[in-house]
Amino acid sequence: MKKLVIFDLDGTLLNTIEDLGHAANYALEMNGFATHTMAAYRFFVGNGVRKLINRVLPEDYRNSETVEKVLKDFMVYYDEHNTDFTKPYSGIEELLITLREQNVKLAVASNKYQKAVERIIEHFFGNINFVAIEGQKDGVNAKPDPSIVFSILAKAKVPKSEVLYVGDSGVDMETARRACIDSAGVTWGFRPEKELVEYYAQNIIHNPDEILNLI
């Protein structure tokens, strides 16, 4: 039986793509660059906001000075608008409540910066008790480095054999693999099922309630 479920945030618990896309497009416009469609952002996100900005910039402008300038504008906008269009995927809140009722501990492991993760979780899931809410922090490597997972395990005090990691991308599946914990790839997120398979997802799920079968 699993006693802890660690969830990725973007593309797993919440559909955040429009708020991320609007913030990035705002920052690009502010600096004279072309914008992108919302559909394109599904493949830009997943490795943190700095990598997002690097990906949306024209290749010739992906230098540290430009990235930092555009990133600053992105964060100013996103900090004010990160819940405008974001919403939980259907069935997610019910799943979280059911897991807590079954005394399963919950945690979040995200490559989004910590301030935004905390605000968004409080806004959408303020009634849910999470044992850990971990976002990207200075000095801590982003996923797929497993450091963020190890931090959660230390707080939850649950052995790896009793942990399930749930995410929507190859980054998530690789994170779970490096941490030596079981993984479940969800198909309702930002990445195609093919990517989950390629990154050795141990389980593929199509609806949130299917997670209960893995517990």
Side-chain angles (χ1 to χ4, degrees), residues 7-89 108-121 123-124 133-145 147-148 166-175 178 185-196 198-199 201:
F7 289 94
D8 170 53
L9 183 62
D10 300 66
T12 302
L13 294 178
L14 298 169
N15 186 346
T16 58
I17 205 69
E18 284 195 61
D19 284 329
L20 289 167
H22 286 305
N25 280 346
Y26 167 84
L28 289 169
E29 287 182 344
M30 288 290 290
N31 290 276
F33 296 110
T35 60
H36 303 278
T37 66
M38 290 300 109
Y41 278 98
R42 293 168 61 90
F43 295 93
F44 291 146
V45 301
N47 296 88
V49 293
R50 189 177 304 277
K51 180 65 72 172
L52 166 62
I53 297 304
N54 189 75
R55 288 168 175 162
V56 300
L57 282 168
E59 190 171 350
D60 292 344
Y61 291 89
R62 294 174 183 172
N63 56 76
S64 58
E65 182 179 353
T66 303
V67 169
E68 289 300 322
K69 189 172 186 298
V70 177
L71 177 60
K72 181 179 179 180
D73 289 331
F74 169 91
M75 293 180 70
V76 167
Y77 184 95
Y78 192 66
D79 282 344
E80 295 297 323
H81 298 277
N82 56 28
T83 60
D84 288 1
F85 297 98
T86 291
K87 58 185 179 181
Y89 288 102
V108 173
S110 175
N111 273 343
K112 190 191 298 293
Y113 58 100
Q114 185 70 26
K115 176 183 175 181
V117 173
E118 291 175 353
R119 178 170 185 260
I120 291 170
I121 289 293
H123 180 86
F124 290 103
I133 298 171
E134 297 289 335
Q136 191 170 31
K137 303 172 185 177
D138 291 341
V140 179
N141 292 332
K143 298 182 297 184
D145 186 286
S147 296
I148 191 172
V166 181
D168 73 306
S169 71
V171 169
D172 292 311
M173 300 305 100
E174 179 66 9
T175 301
R178 293 188 188 187
V186 307
T187 60
W188 58 77
F190 300 157
R191 295 293 206 273
E193 183 173 343
K194 178 182 177 183
E195 179 174 313
L196 300 172
E198 288 174 348
Y199 279 84

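Please read these numbers as outputs of a predicted model, since none were measured by experiment. Numbering starts at 1 and runs along the sequence shown.
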Min side-chain heavy-atom separation V67-L57 under 4.5 Å:
yes
Between atom CD1 of I53 and atom CZ of F33, what is the distance when rounded to the nearest 0.5 Å?
10.5 Å
So which atom in D73 and which in A27 form the shortest heavy-atom distance, rounded to 0.1 Å?
CB-CB, 3.9 Å
Side chain to side chain donor-acceptor pair (under 3.5 Å) partners for E174, two or more places apart:
R177, R178
Is the shortest heavy-atom distance from the side chain of V45 to the side chain of D10 under 4.5 Å?
no
Which heavy atom in D168 sits nearest to a heavy atom in R191, and how many Å separate them?
O-CB, 3.3 Å
Going by the angle between their ring planes, with limits at 30° and 60°, are H36 and Y41 parallel, tilted or perpendicular?
perpendicular
Rounded to the nearest 0.5 Å, what separates atom CD1 in I121 from atom CG in L13?
6.0 Å
Find the distance between CE (M38) and CG (L20) and round it off to the nearest 0.5 Å.
9.5 Å
Can you name the closest pair of heavy atoms from F124 and P88 and give their distance?
CD2-CD, 3.7 Å
Is it the case that the side chain of E193 and the backbone of G185 share a donor-acceptor pair, with hydrogens and angles ignored and the cut-off at 3.5 Å?
no
For the atom pair CG (L28) and OH (Y61), what is the distance rounded to the nearest 0.5 Å?
12.5 Å
Please report the interatomic distance CD1(I148) to CD(Q136), rounded to the nearest 0.5 Å.
8.0 Å
Which residues pass the side chain to side chain donor-acceptor pair (under 3.5 Å) test with K69, sequence neighbours left out?
N31
Is there a side-chain hydrogen bond (donor to acceptor under 3.5 Å, both in side chains) between D172 and S169 once you walk through the steps?
CA-CA 5 Å; D172 292 311; S169 71; 3.0 Å; yes
Give a yes or no on whether the backbone of A109 and the side-chain of K143 come within a donor-acceptor separation of less than 3.5 Å.
yes
What closest approach, in Å, do R55 and F43 show between heavy atoms, and which atom pair accounts for it?
NH1-O, 4.4 Å
Atom CZ of F44 with >12 non-hydrogen neighbours under 6.0 angstrom
yes
Please determine whether side-chain contact (heavy atoms from CB on, under 4.5 Å) holds for the pair V171 and Y199, giving the CA-CA distance in whole Å, both sets of side-chain angles, and the decisive distance to 0.1 Å.
CA-CA 8 Å; V171 169; Y199 279 84; over 6 Å; no
Going by atom types alone, do N63 and T66 pair a side-chain donor with an acceptor below 3.5 Å?
yes
Restricting to side chain to side chain donor-acceptor pair (under 3.5 Å), what partner residues turn up for T175, sequence neighbours left out?
none
State, without any angle test, whether N141 and S147 hold a side-chain donor-acceptor pair at a distance under 3.5 Å.
no
Okay, side chain of N111, backbone of A142: is any donor-acceptor separation there less than 3.5 Å?
no
Please indicate whether K51 has more than 12 foreign heavy atoms, meaning atoms of other residues, nucleotides or ligands, lying under 6.0 Å from its NZ.
no
Applying side-chain contact (heavy atoms from CB on, under 4.5 Å), name anything that partners V49, two or more places apart in sequence or on another chain.
L71, F74, Y113
The reported gap from CD in E18 to CZ in F85 (rounded to nearest 0.5 angstrom) is 5.5 Å
Go through the side-chain N and O atoms of H81 and D84 and say whether any donor and acceptor fall under 3.5 Å apart.
yes
Least distance between heavy atoms, A201 atom then M173 atom:
CB-SD, 3.4 Å
Assess whether side-chain contact (heavy atoms from CB on, under 4.5 Å) is satisfied between I120 and L14, documenting all intermediate values.
CA-CA 9 Å; I120 291 170; L14 298 169; 3.1 Å; yes
Do D79 and R119 sit within salt-bridge range, that is, some charged N less than 4.0 Å from a carboxylate O?
no
Scanning both residues in full, the closest heavy-atom pair of F7 with T12 reads CD2-CG2, 4.2 Å
side-chain contact (heavy atoms from CB on, under 4.5 Å) filter on V76, not counting sequence neighbours, yields none
K72: partners by salt bridge (charged side-chain N to carboxylate O under 4.0 Å, His left out), with sequence neighbours left out
none
